[in-house]
There are 2 protein chains.
Amino acid sequence: MSLRIALLGLLSASGPASGYDLTKKFETSLAHVWQAGHSQIYPELAKMAAEGLITVEAEGSRGRKIYTITPEGRDELHRWLMGYTPSPSPRSEIALQAYLTPLLEPREAVAVLERMGASFAARLRELQKLGDPSKKSGYGGYALDLGIRQARMAMEWASDTIAHLSASGTGTDRAEGAADAEGAADSEG
Amino acid sequence: MSLRIALLGLLSASGPASGYDLTKKFETSLAHVWQAGHSQIYPELAKMAAEGLITVEAEGSRGRKIYTITPEGRDELHRWLMGYTPSPSPRSEIALQAYLTPLLEPREAVAVLERMGASFAARLRELQKLGDPSKKSGYGGYALDLGIRQARMAMEWASDTIAHLSASGTGTDRAEGAADAEGAADSEG
DNA sequence: GTCCGCATGTAAGAAGTTACATGATTCT
DNA sequence: AGAATCATGTAACTTCTTACATGCGGAC
């Protein structure tokens, strides 16, 4: 569903475009929002055209097809925006790694968290290169702001967690972590 | 890959378990970290057993199979934890909705953001019901902390964005938003 | 003429969702 | 006896990834 919404959104926001154009937008403006490759985009455009959400407005050279959003397409998009409440993804590799760090020795866990922190910092720099969200009030600005806040929050989490590990882990070995684990892995035996 | 890691992690952290037990854990402890249903879990366990990462330790009543992690399984898990750096999911419905809100009239956009804010607040309450991460130092504690911070950050983003919309949107209609949009939808025509 | 970027597609497979199907045990 | 829960599986479908495949048009 969401791929479809992303395509309708781009066609609505930036006007008629080809599959190729749209693919480029997924690689740039939408890169940190919704990823999709051309092998997914072309078939989806064909389906949407068959369902009347978009139409082929013109055909250019090299078989280039220019799609335009139809009123039905705008309706569908508007309905999704107004009627659907997205939840955070129920699958996060980051949360999974966080969940499992107590399996590691404290020294190893700190190393993993430092690496994660560095990766969040790298992402933050990458997003900041895209511009200042407070100055960019149109498409992408709000999502960019959200991404930047997310990266910052994750960095803080990583360093606070390292601090917590260092505080409770100094001068001890595997034993303490293992004892911890037994008690906290929820109420089962 | 990550489903496999989650299963190995659970078997490593909580000891031998059946597919049924593991399915229950995905519904409880792992619910906000990694979701998977039994129809995905059973075949994956069979594959992992065939590859020697886990073994059937015992068979109980009702055909219940108790799986145990093998040294090879522990290796695989340890390698993933130490050697793999997860990135944020490249597809976020929340970010997509944020990206597209400028397509709406300011009043509609505010309504959408208020609804999102309420949903983040609900998630925060749900996570807080699971316990205080500062007191829960074992499995789940770090991931829970991350989830709580994430929910709080998203709430702040939503209310700041509403404030931004209200500031720039008071006393205007669709026209201003549309002009904004044209300029900001990245460098194309 | 050949290389590069434009432009579109298909195919095979992994991952995830929803629904179907079945049988054993325990509780009332 | 009937209902609920335990316990395992398969099938069909959607979504996403990676790789294969083809042809046009402009630049050098």
Side-chain angles (χ1 to χ4, degrees), chain A residues 1-8 10 16-28 30-51 54 56-67 80 84 86-93 95-96 188-189, chain B residues 1-8 10 16-28 30-51 54 56-67 80 84 86-93 96 188:
Chain A
M1 185 84 273
S2 298
L3 171 60
R4 180 168 288 218
I5 296 301
L7 289 166
L8 290 172
L10 288 175
S18 68
Y20 189 82
D21 296 336
L22 293 164
T23 302
K24 292 291 161 196
K25 292 232 169 148
F26 274 85
E27 286 165 8
T28 54
L30 277 181
H32 55 102
V33 170
W34 200 269
Q35 272 184 21
H38 80 273
S39 68
Q40 214 187 337
I41 290 168
Y42 287 123
E44 188 64 29
L45 288 171
K47 258 205 261 177
M48 288 164 76
E51 294 174 31
I54 58 177
V56 178
E57 189 204 47
E59 297 211 24
S61 52
R62 280 174 284 201
R64 181 184 169 91
K65 290 181 201 164
I66 311 293
Y67 291 97
W80 186 87
Y84 178 72
S87 304
S89 160
R91 264 175 296 278
S92 159
E93 289 190 340
L96 181 59
E188 56 77 66
Chain B
M1 188 79 271
S2 298
L3 171 59
R4 179 167 288 217
I5 296 302
L7 289 166
L8 289 172
L10 288 174
S18 69
Y20 189 83
D21 296 336
L22 293 164
T23 301
K24 292 291 163 197
K25 292 232 168 149
F26 274 86
E27 286 165 8
T28 55
L30 276 182
H32 55 101
V33 170
W34 199 269
Q35 274 184 21
H38 79 273
S39 68
Q40 214 186 339
I41 290 168
Y42 288 124
E44 188 65 28
L45 287 171
K47 257 204 262 177
M48 287 163 76
E51 294 175 32
I54 58 177
V56 178
E57 187 205 46
E59 298 211 21
S61 52
R62 280 174 288 204
R64 181 183 169 92
K65 290 180 201 163
I66 311 293
Y67 291 98
W80 186 86
Y84 178 72
S87 304
S89 160
R91 263 175 296 279
S92 159
E93 290 189 340
L96 180 60
E188 55 77 65

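We use all heavy atoms of the structure for the numbers below, so side chains are in, but hydrogens, waters and symmetry mates are not. Letters A, B, ... mirror the listed sequences (proteins, then strands); counts begin at 1.
- Listed here is the closest heavy atom pair of A:Ile41 and A:Ala36: CD1-O, 3.8 Å.
- Rounded to whole angstrom, the span from the CD1 atom of B:Ile5 across to the C1' atom of C:dA15 amounts to 15 Å.
- Taking atom CE of residue A:Met1 and atom C1' of nucleotide C:dT18, one finds them 18 Å apart after rounding to whole Å.
- For B:Met48 and C:dA15, the CE to P distance is 12 Å, given to the nearest whole Å.
- Under the rule for a salt bridge (Lys or Arg N to Asp or Glu O under 4.0 Å), the partners of A:Glu27 that lie at least two apart in sequence or sit in another chain are A:Lys24.
- Between B:Glu93 and A:Ile5 there is no side-chain heavy-atom pair separated by less than 4.5 Å.
- Between A:Ala49 and A:Tyr67, the shortest heavy-atom distance links the atoms CB-CE2, 4.2 Å.
- Note: CZ (A:Phe26) to C1' (D:dT15) measures 13 Å, nearest angstrom.
- For the pair A:Glu27 CD and D:dT17 P, the computed distance is 13 Å after rounding to whole Å.
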Give me, pair by pair, the N or O atoms of the protein and of nucleotides 7-13 of chain C that are less than 3.5 Å apart, along with how far apart they are.
{"from": "C:dA7", "atom 1": "OP1", "to": "A:Arg64", "atom 2": "NH1", "distance (Å)": "3.0"}
{"from": "C:dA7", "atom 1": "OP2", "to": "A:Arg64", "atom 2": "NH1", "distance (Å)": "2.7"}
{"from": "C:dT8", "atom 1": "OP1", "to": "A:Lys65", "atom 2": "N", "distance (Å)": "3.0"}
{"from": "C:dT8", "atom 1": "OP2", "to": "A:Tyr20", "atom 2": "N", "distance (Å)": "2.6"}
{"from": "C:dT8", "atom 1": "OP2", "to": "A:Tyr42", "atom 2": "OH", "distance (Å)": "2.8"}
{"from": "C:dG9", "atom 1": "OP1", "to": "A:Lys65", "atom 2": "NZ", "distance (Å)": "2.7"}
{"from": "C:dG9", "atom 1": "N7", "to": "A:His38", "atom 2": "NE2", "distance (Å)": "3.4"}
{"from": "C:dG9", "atom 1": "O6", "to": "A:His38", "atom 2": "NE2", "distance (Å)": "2.8"}

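- Using a 4.5 Å heavy-atom threshold, the side chains of A:Lys25 and A:Leu30 count as separate.
- A straight line from CG of A:Leu96 to C1' of C:dG16 spans 16 Å, rounded to a whole angstrom.
- B:Arg91 has no side-chain polar atom (N or O) that falls below the 4.0 Å cut-off from OP1 or OP2 of C:dA15.
- For A:Glu44, the side chain to side chain contact (heavy atoms under 4.5 Å, CB included) partners at least two apart in sequence or on another chain are A:Leu3, A:Arg4, A:Leu7, A:Lys47, A:Met48.
- Distance CD (B:Glu44) to C1' (C:dA15): 9 Å, rounded to an integer number of Å.
- Rounded to a whole Å, the CD1 atom of B:Ile41 is 19 Å from the P atom of C:dA14.
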